[in-house]
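Before any comments, here is the structure.
The model shown is predicted, which means the values in this text are computed figures rather than measured ones. Computed over heavy atoms, backbone and side chain alike; hydrogens, waters and symmetry mates excluded.
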Amino acid sequence: MNKHWWQEVVVYQIYPRSFKDSNGDGVGDINGMIEELDYLKKLGIGAIWLSPVYQSPNDDNGYDISDYEAIMSEFGTMADMDEFLAEANKRDIKIVMDLVVNHTSDEHQWFVEAQKGKENPYRDYYVWADPAEDGGVPNDLRSAFSGSAWELDEASGQYYLHLFSKKQPDLNWENQKVRQAVYEMMNFWIDKGIGGFRMDVIDLVGKIPLGEITGNGPKLHDYLQEMNQASFGKHDLLTVGETWGATPEIAKLYSNPERNELSMVFQFEHIGLDQQPDKEKWDLKPVSIAELKAILTKWQTELGNEGWNSLFWNNHDLPRMLSRWGNDQEYRQESAKMLAILLHMMKGTPYVYQGEEIGMTNTPITDISEAEDIETINMYQERLAQGYSKEEILTSINAKGRDNARRPIAWTAEKNGGFTTGTPWIALNDNYKEINVEAALADPDSVFYTYQRLIQLRKEHLIMVWGDFKLVETGDQIFSYYRSYEGERWLIVTNFSNEEQTFTSDETVAEVIIQNTSADLSSLKELQLQPWQAFVVKVS
């Protein structure tokens with residue numbers, strides 16, 4: 001397997017609206033990101049995955065794009081974007097752009113034209129269908145944001161497809177002109193010197209909507225190989241596909257180097273573990289650590305050299321894992337560090353979501369008026385109509401709502417956390433006076449320095465990048481595994497619970513690599529693990 005830069009770096013995701021506001025309008029912006037590049041350099045990351053900054057009416061926070069080659073005015077200008085790329089490159093940080101090409105905004109020029117009538121040359125850029133025989137929607141496909149995935153276009157009497165918001169019409173990837181236009185746009189950004197693309201819901205672009213096939217359509221991989229050849233395949237770029245339904249076998253189709261598709265995918269099998277089987281994400285159940293171990297082990301071992309893992313707990317669509325599966329109260333620091341150590345010691349490219357490195361937590365709301373996210377608001381109305389109580393729905397929102405990840409970063413303990421001098425577009429978590437960047441940097445024992453150390457270790461030790469993975473059989477609440485490479489072996493041990501656990505091993509400790517307590521690890525026989533304790537030792 002050829003070695004690539006993106007296998008050896010840690011990627012940091014910026015959600016621009018909530019990162020840093022430089023001009024006091026309450027919305028994070030590109031100049032705010034430029035201001036904090038030295039902070040990210042200090043953390044040690046090698047790439048930034050940048051959530052969309054393109055021109056957008058903001059129906060779905062920038063994932064509804066009206067012009068792929070212009071910047072949203074709230075965020076700045078293309079000149080600001082060019083400066084951001086240049087300043088990041090000076091610090092050896094590559095910028096990975098968010099590629100949203102399953103759909104556009106309904107305000108994109110292509111769709112404005114397509115709505116002018118069936119004869120318009122852009123009509124076939126989107127997916128249209130005649131009504132069913134009863135005059136209703138063409139079929140039962142549903143939008144991810146509630147309701148039917150079909151919207152009636154009154155003028156023509158046809159329906160257009162939107163797998164997300166009705167302001168996000170789906171592109172017709174069967175049309176070669178659409179594909180060519182997308183590749184040209186990708187090359188526009190590649191020519192600017194970006195480091196790659198994160199591909200939003202890319203597994204949907206092969207859809208056959210009238211056959212009710214959305215994910216993993218029959219032509220999906222043909223399209224990706226064509227995209228590779230027409231754009232990024234000529235460069236050493238990081239490409240990661242968002243693929244909600246991927247299994248290891250499917251992931252190999254995307255990321256086996258011999259197939260010339262993508263570098264890696266985001267798979268979400270572990271993310272659904274606190275969801276009732278065959279229900280929606282809002283239908284909660286406690287996570288089973290035994291199931292988590294089984295899933296992560298499967299992904300660590302089954303890809304082999306035929307694919308590459310992405311490693312993540314958090315992103316802009318997911319609640320903060322520290323609040324979700326950790327303990328964000330009495331063991332906030334310990335469980336945040338444990339989650340970091342557990343993940344970063346695995347094989348694959350780790351992704352850190354902004355604020356994760358200082359231990360930011362979920363932000364509960366008491367009323368739907370405090371919500372900003374379209375998915376959350378639509379679900380609330382839908383479930384009220386189905387007879388759920390307000391309390392039940394808010395419990396689900398506070399556990400799983402996307403706003404949890406989208407609260408602004410607090411840089412200091414001052415008003416609005418130093419995020420903005422104005423009124424933030426969405427309120428900060430009330431705990432920002434304790435949990436902020438300034439406090440984290442001032443405390444040598446903070447979550448930040450655990451992340452910094454993990455990122456540095458990856459640069460110094462090839463075992464973290466290339467080592468084999470082997471699970472250690474333990475009790476359910478202990479997650480332990482080995483990494484081994486060229487005769488060297490590291491043992492990783494974590495207590496994934498609020499209770500003490502007994503761990504025992506005959507291994508001889510040669511060196512303590514990292515830990516989140518000050519425990520004596522000279523002997524591993526009958527070790528009493530403290531709640532959320534984690535350590536990595538080199539064994540001889």
For Phe268, does the CZ atom sit with more than 12 other heavy atoms under 6.0 Å from it, leaving out its own atoms?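 Check passes, neighbour count above 12.
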Distance-only side-chain donor-acceptor flag, [X] / [Y], under 3.5 Å:
X: Glu8; Y: Trp6; result: no
X: Gln115; Y: Asp106; result: no
X: Tyr39; Y: Glu357; result: yes
X: Thr239; Y: Ser263; result: yes
X: Thr412; Y: Glu414; result: yes
X: Gln13; Y: Ser51; result: yes
X: Gln229; Y: Tyr183; result: no
X: Asn31; Y: Asn23; result: no
X: Asn260; Y: Gln225; result: no
X: Gln158; Y: Asp153; result: no
X: Asp60; Y: Ser165; result: no

Flag the pair [X] and [Y] as a salt bridge only when some basic side-chain nitrogen lies within less than 4.0 angstrom of an acidic carboxylate oxygen.
X: Arg179; Y: Asp222; result: no
X: Glu372; Y: Arg17; result: no
X: Glu382; Y: Arg142; result: yes
X: Arg123; Y: Glu119; result: no
X: Arg402; Y: Glu375; result: yes
X: Asp64; Y: Lys167; result: no
X: Asp328; Y: Arg320; result: no

Lys/Arg cation over aromatic Trp128: Lys118, 6.0 Å, 45° cone: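 No; the conditions do not both hold, so Lys118 does not lie above the ring face of Trp128.
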Quick check with a 6.0 Å cut-off and a 45 degree axis cone: is Lys20 positioned over the face of Trp411's six-membered ring? yes
Does any part of the side chain of [Y], heavy atoms only, come nearer than 4.5 Å to the side chain of [X], both counted from C-beta?
X: Val96; Y: Ile48; result: no
X: Gln109; Y: Tyr122; result: no
X: Arg324; Y: Asp274; result: yes
X: Gln55; Y: Glu69; result: no

Between [X] (side chain only) and [Y] (backbone N and O only), is there a donor and an acceptor less than 3.5 Å apart?
X: His103; Y: Tyr63; result: yes
X: Asp443; Y: Ala439; result: no
X: Trp189; Y: Tyr68; result: yes
X: Gln267; Y: Glu269; result: yes

Parallel, tilted or perpendicular: which describes the rings of Tyr223 and Trp173, with under 30° parallel and over 60° perpendicular? tilted
